[in-house]
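For reference, the structure discussed in these notes is given below.
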Number of protein chains: 2
Amino acid sequence: MTDPRSASASPPTSADVARRAGVSRATVSYVLNGAESSARISEATRARVHAAADALGYVPHAAARALRAGASRMVLMSAPHVPAGPLYARFAHEAQSALRLLGYTVAHVAAGAAGDTGIPGVTGIPGVTGDDGGTGASGNEDGTSVDVRAWAELRPAAAVALPPTVLTPADVTLLKRAGTRAVITVGPPRVAGAHSLTMDQREVGSAAVAHLVERGRRRVGVVVPAEPGLDAFARPRLAGAHAAVAEGSGGGADVRMTPLPLALTEESAAALAARWPALGLDAVFAYNDEYAVLLLRALQDAGVRVPEDVAVIGADDLLAARLTRPRLSSVRVEHASGADFAAYVDELVRSPGARPRRRRAMTVSVTARDST
Amino acid sequence: MTDPRSASASPPTSADVARRAGVSRATVSYVLNGAESSARISEATRARVHAAADALGYVPHAAARALRAGASRMVLMSAPHVPAGPLYARFAHEAQSALRLLGYTVAHVAAGAAGDTGIPGVTGIPGVTGDDGGTGASGNEDGTSVDVRAWAELRPAAAVALPPTVLTPADVTLLKRAGTRAVITVGPPRVAGAHSLTMDQREVGSAAVAHLVERGRRRVGVVVPAEPGLDAFARPRLAGAHAAVAEGSGGGADVRMTPLPLALTEESAAALAARWPALGLDAVFAYNDEYAVLLLRALQDAGVRVPEDVAVIGADDLLAARLTRPRLSSVRVEHASGADFAAYVDELVRSPGARPRRRRAMTVSVTARDST
DNA sequence: TTGAAAGCGGTACCAC
DNA sequence: GTGGTACCGCTTTCAA
């Protein structure tokens, strides 16, 4: 039971516990951390210490411990700027659980715009940043974003940049310099001095277009979300679509590609559908099942027949793709399991000397249904 | 420019910077924190310090600073166990940005199952936890979950429990005892010694059922997701539905309520639709637009007419609700803005003495379309 | 079996 | 204008 007069006084320290138990701080540390190395503490003493700690509601101070230990067991992962898709969220969550099982404390921290560096006294409120008269706020004129400084200050064991976050080589250098044992980027395969888990969204575009070409389509529209936050995914998917035709996966057939900006609103979809005949397309890859469903509906309302007039394929294989008529074909994305990822991180933390490597973290396949 | 021979050596400390700049650690601290109180440092010295810090890639150690300062500017927020909905994600993200603007470092940490306490040496790997022979792992027989201990160890300025996370009174006590200035629960209005932002999902159920009753429906089915992770939202929504009829919002009309378990799969929906006639319902509130779309489709495939035979209403007003035929009515949920929330947190941190209060963080309204 | 003491990296008070 | 220096809370030798 925690002491009733809770809130007020300052948090109990190990010294408080020691005093209450009538022992030294060292003994408290031994008992509470309970490693085999300190098995030589009398049962009675241990009981007294535990009782005192409980009574006081003692919780060790992570910062003090980390400071003393020199290394933390914290894994920092970037939090997505935008509401991410469900499969993506699942991956992040799985990874988090698996890492905790390995003894790491996982924290998702925003990788967003500048602001502050977490300094107790100095807030990021506009107007405060200019007052140090030096050569600029805090150095880092070389492109290192402020967020990464905040990360480095936390001295994590590992730092994981999930898309759409990107790390510059300078970011990686800074983190490593700060003792981060594993710096990992997940996403596009650009190396940067960091280890990486490739999750190349281009493959999604390639697979979609390859499928359409296989089905005999030659004039392919590619929906590009107007929503800015999706760029990090959308651009590579479009690029992959282009790459597919460049490599001539259609057996040398000459395929025409048309990017189609589309916002996630009915109006936008209706507008696109209205000018559809003029576009002269016989297929469309819609970035995502969500966009695909929206477009499909608008096309049908405009009298365009799917798949007769135009083949439609989405991606991510969401439930929504199975609920339309016709049922939507989709590029299914299979992520590496969170457990695998966690093991990878752990391995890297243990042997930080290892040369940066790349691993595939994603495989794609086409689920063909009735819309193509 | 950061030093090329990056990775190897241990991270530079302020002492390293001092040595390189030929000054004392105190001076380094003054220059780098650049408060007006230290305006009496010569311009030349400041330049030398900055240059040294840059050259070394120096980043202050957050733990050391927090230790010294006694208080951190960290806000801990629970990360959802399950992929949360988009509006919810938006709220979380907005809050995060706004808090950063106020000078806080926000970290989302999992509030999941037990495991470890982040202790450097001791992992949570099965088999390691039993070896301290005491009265149990680390005390806490009173229900305080392990996660909260991990939170408390980090000595955050504020702790925010987002649904579906719940905090017990013991959790709250522990956190406050650890110096957390603001402990806030967002979600169901149970107070617990903590401040709270009520976001009562029951209102969603009430609004939906009230709408259906108003439309003259009397035998109402309520879809309850079979997915376990959604309980925290689903249960209160169902409860709210019941409450609506109990309070007789239908003007004393006697309304029958039937819970309908449904998994987010076509099979499950088809099965439910198959036994629909036997259920004798004239309306259904489907938890969510996602479930509503799924059910709507299955009902239509089974020959049930919407809204003639049965009125269907969803919730969350997702885009999907506007893409079905008929278009789906939905309970729209309006969250408090992230900025408001951030301001609330900040206020609480500044005046931790304040008595626990409740605030509404959500308002609901029905968007009537063609399905009811 | 237990205690004393030296730091981990930063900050800030008080001298010089 | 700058440099000592005493902490913050915890871990971990080394003695006793």
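The figures here come from the full heavy-atom set of this structure, side chains too, leaving out hydrogens, waters and symmetry mates.
For the side chain to side chain donor-acceptor pair (under 3.5 Å) test, residues two or more places apart in sequence or in another chain that qualify with Asp16(B) are Arg19(B). Taking the side chain to side chain donor-acceptor pair (under 3.5 Å) definition, one finds that Ser14(B) meets it with nothing, sequence neighbours left out. The side chain to side chain contact (heavy atoms under 4.5 Å, CB included) test applied to Ala47(A) returns no partner, not counting sequence neighbours. In terms of the side chain to side chain contact (heavy atoms under 4.5 Å, CB included) criterion, residue partners of Ala182(A) (sequence neighbours excluded) are, by chain and number, Ala158(A), Ile184(A), Leu348(A), Val349(A). Not counting sequence neighbours, Thr13(A) has no partner by the side chain to side chain donor-acceptor pair (under 3.5 Å) test. Listed by chain and number, the residues in a side chain to side chain contact (heavy atoms under 4.5 Å, CB included) with Ala95(A) are Phe341(A) (sequence neighbours excluded). The side chain to side chain contact (heavy atoms under 4.5 Å, CB included) test applied to Ala98(B) returns Ala339(B), Ala342(B), not counting sequence neighbours.
Formation of a donor-acceptor pair under 3.5 Å by the Thr27(A) side chain with backbone atoms of Val23(A) is not found in this model.
Distances shorter than 4.0 Å separate none of the side-chain N or O atoms of Thr13(B) from OP1 or OP2 on dG9(C). Phosphate proximity of dG10(C) to Asn33(B): absent, as no side-chain N or O sits under 4.0 Å from OP1 or OP2.
End-to-end axis angle of the helix from dT1(C)-dA16(D) to dC16(C)-dG1(D), from C1' rotation axes over five pairs per end: 40° (rounded to 10 degrees).
Nearest approach of Ser10(B) to Arg177(A), heavy atoms of both residues: O-NH1, 4.1 Å.
The distance between atom CG of Leu32(A) and atom C1' of dT11(D), rounded to the nearest whole Å, is 12 Å. Between Leu67(B) atom CG and dG7(C) atom C1' there is a gap of 12 Å when expressed in whole angstrom units. Arg65(A) has its CZ atom 14 Å from the C1' atom of dC8(C), to the nearest Å. Note: CG (Leu56(B)) to P (dG9(C)) measures 13 Å, nearest angstrom. One can place NE2 of His61(A) at 17 Å from P of dG9(C), the figure rounded to the nearest angstrom.
When distances run from any side-chain atom of Arg68(A) to the nucleotides dG9(C), dG9(D), dT11(C), the shortest one goes to dG9(D).
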Listed pairs, N/O of protein and of nucleotides 2-4 of chain C, under 3.5 Å:
from, atom 1, to, atom 2, distance (Å)
dT2(C), OP1, Ser42(A), OG, 3.4
dT2(C), OP1, Thr45(A), OG1, 2.6
dT2(C), OP2, Ser42(A), N, 2.9
dG3(C), OP2, Ser24(A), N, 2.7
dG3(C), OP2, Ser24(A), OG, 3.1
dG3(C), OP2, Thr27(A), OG1, 2.8

